[in-house]
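Notes to accompany the following structure.
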Amino acid sequence: MPKSRIRKKADYTPPPAKQATAIKLTNRSWVAPVMLAMFLIGLAWIVVFYVTDGSLPIDTLGNWNIVVGFGFIAAGFGVSTQWK
């Protein structure tokens, strides 16, 4: 019986190296001051409303001043999602 030929295996070639992706770093130094400012404005809005018995900050809004104050606080939390 004839002997089978031995096949020569191809040399090992490693897979191509993955290229590092550039990380885009942006300057987010504005986030913390804006976040804190929104929190403080919202808190001050609500405190002023309660201390003045509803005559300030905007008399025509009435109890909606509380919603405006919490809106500023919610905006502060929204800005905080940009903080790294």
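These numbers come from a predicted model, not from an experiment. Computed from heavy atoms alone, side chains included, the values below leave out hydrogens, waters and symmetry copies. This chain uses plain numbering: 1 for the first residue, then up along the sequence.
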State, to 0.1 Å, how close Val79 and Val31 come at their nearest heavy-atom pair, and which atoms those are.
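Scanning both residues completely, I find the closest heavy atoms to be O-CG1, 3.5 Å.
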Measure across Gly76 and Met35 and return the closest heavy-atom pair with its distance rounded to 0.1 Å.
O-CG, 3.5 Å
Hey, what do you get for [atom1] ([X]) to [atom2] ([Y]), rounding to the nearest 0.5 Å?
X	Y	atom1	atom2	answer
Ile73	Leu40	CD1	CG	9.5 Å
Trp64	Phe49	CH2	CZ	12.0 Å
Ile41	Ile46	CD1	CD1	12.5 Å

Would [X] and [Y] show up in the same hydrophobic cluster when neighbours are defined by side-chain heavy atoms closer than 4.5 Å?
X	Y	value
Phe72	Tyr50	yes
Leu43	Val51	yes
Met38	Trp30	yes
Phe70	Val67	yes

Without swapping roles, check the side chain of Asn65 against the backbone of Trp45 for a donor-acceptor pair under 3.5 Å.
no
